[in-house]
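What follows is a set of notes on a single structure, which appears directly below.
No hydrogens, no waters, no symmetry mates; every other heavy atom, side chains included, goes into these values. Bear in mind that the values here come from a model prediction, so they are computed numbers and not experimental data. All chains are named by letter (A, B, ...) in the order of the sequence lines, taking the proteins before the strands, and each is independently numbered beginning at 1.
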Number of protein chains: 2
Amino acid sequence: MINILLAEDQTMLRNALATILDLEDNLQVVHSCATGKLAFDYMQYQHGQQVDIVLSDIEMPDMTGLELAQHLFEAKMSCKTIILTTFARSGYLRRAMDSGVKGYLLKDSPSHELIAAIQKVHQGGSAIAPELMVESWMEKDPLSDKERRALRLAKDGLSTEDIASKLFLSPGTVRNYLSSACSKLDAKNRIEAARIAHQNGWL
Amino acid sequence: MINILLAEDQTMLRNALATILDLEDNLQVVHSCATGKLAFDYMQYQHGQQVDIVLSDIEMPDMTGLELAQHLFEAKMSCKTIILTTFARSGYLRRAMDSGVKGYLLKDSPSHELIAAIQKVHQGGSAIAPELMVESWMEKDPLSDKERRALRLAKDGLSTEDIASKLFLSPGTVRNYLSSACSKLDAKNRIEAARIAHQNGWL
DNA sequence: AATACCTGATGACAATTGTCATATTCTAGC
DNA sequence: GCTAGAATATGACAATTGTCATCAGGTATT
């Protein structure tokens, strides 16, 4: 019997996944939760030893699936992590691999592939969505930390002034960072830069 | 037996939903597809008479769930439509109600509520997510058609010039539209305006 | 100490964007 | 025909943004 911990913030999908996984003879969802934080707490303080596979979404409030994977990795938990996410962003895959993730698949693949991936990972293998193998060699994140933070705020339409005060920088410096982000990403303005960065999983 | 047509572009969720609905004694997913267009084609040319409930996501490629609902409504199909979507945007709900939709619920609610909603709608009732009843009285979409289209392009970081050529307008006119959108939405710039409009379901 | 390097800041200038007043058509209604 | 109101365009001006050269203060290395 393979014991699974499920982390996914959308309740409908979480319920549905739990149901179809439980339908399999040798799969059992022992716990499911809506944020990475809750999943990590469960692993750390409660019943970690019972869990073989952690199946997690990426974009969740409180703690993302990538952060969860990293924490589990650093805590040397015995479980194996599988990421299940919407977008094929090479930056995400890279971070996942760096965090010792054993499986990475897309929500846009049939559910039997998920079940196959769980079995395969549990037997010691790995399962990466084939769509991603191609892209995984894309250039790595060229942004500095400050550039990234400025871009995130710019994406929501904040003005230079607002960004500057949120980051405790001068407006001029913020414009420098955004300008450099634009040239790195070959974008015409901060918004296009933010879009490109987001599409690549760099935000 | 209630016959269901399922339209949802995310394969994993589509499969999972189909499975859990089929587990119910009196529910049966007769067909499932990934776009509104495919769903409408199925209803129109093939086996429309067998379908009691159309269960549809909103944001799908090719044809959205709201457009699907509108087409089914205008074609006076006998089926009843239920929308299942991620965000609680009052603009979406308004358009759904105008298209004769009988149910509107959020992906962030447990799956048993979906099943209950299907039963209720099939018996002639309606099922609206309670979170939405409050918001539904929000102000209606203040944007004109041109403003909306300009905002959509601005959201992706296109320059005034680019937007103008895509809409076959002069750059000056585009700036007028964006400026008016900003003042209508009380935004400081086009990006903030686009974000506000998107959050309200007006894009 | 001398050097290089990194982060943050400044000033100057051009390009883009936001705002507003004012045309120019074109259409619908009277 | 006349008028009102749209949709579109133009010009002017201010504000914001993008780009670049340069500077000041730290820190690390040799």
Side-chain angles (χ1 to χ4, degrees), chain A residues 91 94-95 98 139-203, chain B residues 67 70 91 94-95 98 139-203:
Chain A
R94 178 177 292 266
R95 275 192 64 192
D98 289 346
E139 73 267 79
K140 74 179 255 290
D141 182 356
L143 298 174
S144 76
D145 193 53
K146 290 295 170 53
E147 286 161 0
R148 196 184 347 276
R149 277 190 234 179
L151 268 188
R152 261 196 218 125
L153 296 172
K155 181 159 67 70
D156 290 335
L158 295 211
S159 68
T160 305
E161 291 273 357
D162 293 343
I163 297 172
S165 73
K166 289 223 178 200
L167 297 183
F168 305 105
L169 292 172
S170 88
T173 305
V174 168
R175 291 205 285 154
N176 288 339
Y177 283 137
L178 289 174
S179 176
S180 116
C182 283
S183 78
K184 280 178 182 176
L185 302 180
D186 196 26
K188 283 220 296 280
N189 56 53
R190 52 181 75 185
I191 306 309
E192 195 184 353
R195 204 201 52 204
I196 292 171
H198 188 244
Q199 279 174 356
N200 284 93
W202 296 332
L203 286 193
Chain B
E67 289 166 336
Q70 198 170 346
R94 179 178 291 264
R95 276 191 62 192
D98 291 345
E139 74 267 79
K140 73 178 257 291
D141 182 358
L143 298 172
S144 76
D145 193 52
K146 291 294 170 55
E147 288 161 357
R148 195 184 347 275
R149 278 190 234 181
L151 268 188
R152 260 193 219 128
L153 296 172
K155 182 160 67 74
D156 290 336
L158 295 210
S159 68
T160 306
E161 291 274 357
D162 292 343
I163 297 172
S165 72
K166 288 222 178 203
L167 297 182
F168 305 105
L169 292 172
S170 88
T173 305
V174 169
R175 291 206 286 156
N176 288 340
Y177 284 137
L178 289 175
S179 175
S180 116
C182 283
S183 78
K184 281 178 181 175
L185 301 180
D186 195 27
K188 281 219 298 280
N189 56 53
R190 54 182 72 186
I191 305 308
E192 194 184 354
R195 202 201 56 206
I196 293 170
H198 188 243
Q199 280 174 354
N200 284 91
W202 296 331
L203 285 196

Residues two or more places apart in sequence or in another chain: which of them pass side-chain contact (heavy atoms from CB on, under 4.5 Å) with B:Glu161? B:Ser159, B:Pro171
Note, B:Asp98 side chain near B:Arg95 side chain (heavy atom, < 4.5 Å): no
Side chain to side chain contact (heavy atoms under 4.5 Å, CB included) between B:Ile163 and B:Tyr177: does it pass, once the steps are laid out? CA-CA 11 Å; B:Ile163 297 172; B:Tyr177 284 137; over 6 Å; no
Per side chain to side chain contact (heavy atoms under 4.5 Å, CB included), A:Leu151 is matched among A:Ile196, A:Ile191, A:Leu203 by A:Leu203
Those residues of residues 149-174 of chain A lying under 4.0 Å from DNA chain D by at least one heavy atom: A:Ser159, A:Thr160
With a 4.5 Å heavy-atom cut-off, do B:Leu153 and B:Leu167 have their side chains touching? yes
Under a 4.0 Å heavy-atom cutoff, the residues of residues 176-195 of chain A touching DNA chain D are A:Asn176, A:Ser179, A:Cys182, A:Asn189, A:Arg190
First-last contacting nucleotides on DNA chain D - partner chain A, under 4.0 angstrom, heavy atom: D:dT17 to D:dC20
Could you grab the distance from atom NE2 of B:His198 to atom CZ of B:Arg152, nearest 0.5 Å is fine? 9.5 Å
Residues in side-chain hydrogen bond (donor to acceptor under 3.5 Å, both in side chains) contact with A:Arg149, at least two apart in sequence or another chain: A:Asp145
Pairs of donor and acceptor atoms involving the side chains of residues 181-188 of chain A, under 3.5 Å and at least two apart or interchain, shall be tabulated with distances.
residue	atom	partner	partner atom	Å
A:Ser183	OG	A:Ser180	O	3.1
A:Lys184	NZ	A:Pro142	O	3.0
A:Lys184	NZ	A:Glu147	OE1	2.9
A:Lys184	NZ	A:Glu147	OE2	3.1
A:Lys188	NZ	B:Asp162	OD2	2.9

Could you report the tightest heavy-atom contact between A:Leu143 and A:Arg148, atom names first, then the distance? O-NH2, 3.7 Å
Could you check A:Thr160 against A:Arg190 for side chain to side chain contact (heavy atoms under 4.5 Å, CB included), going step by step and ending with a plain yes or no? CA-CA 10 Å; A:Thr160 305; A:Arg190 52 181 75 185; 3.0 Å; yes
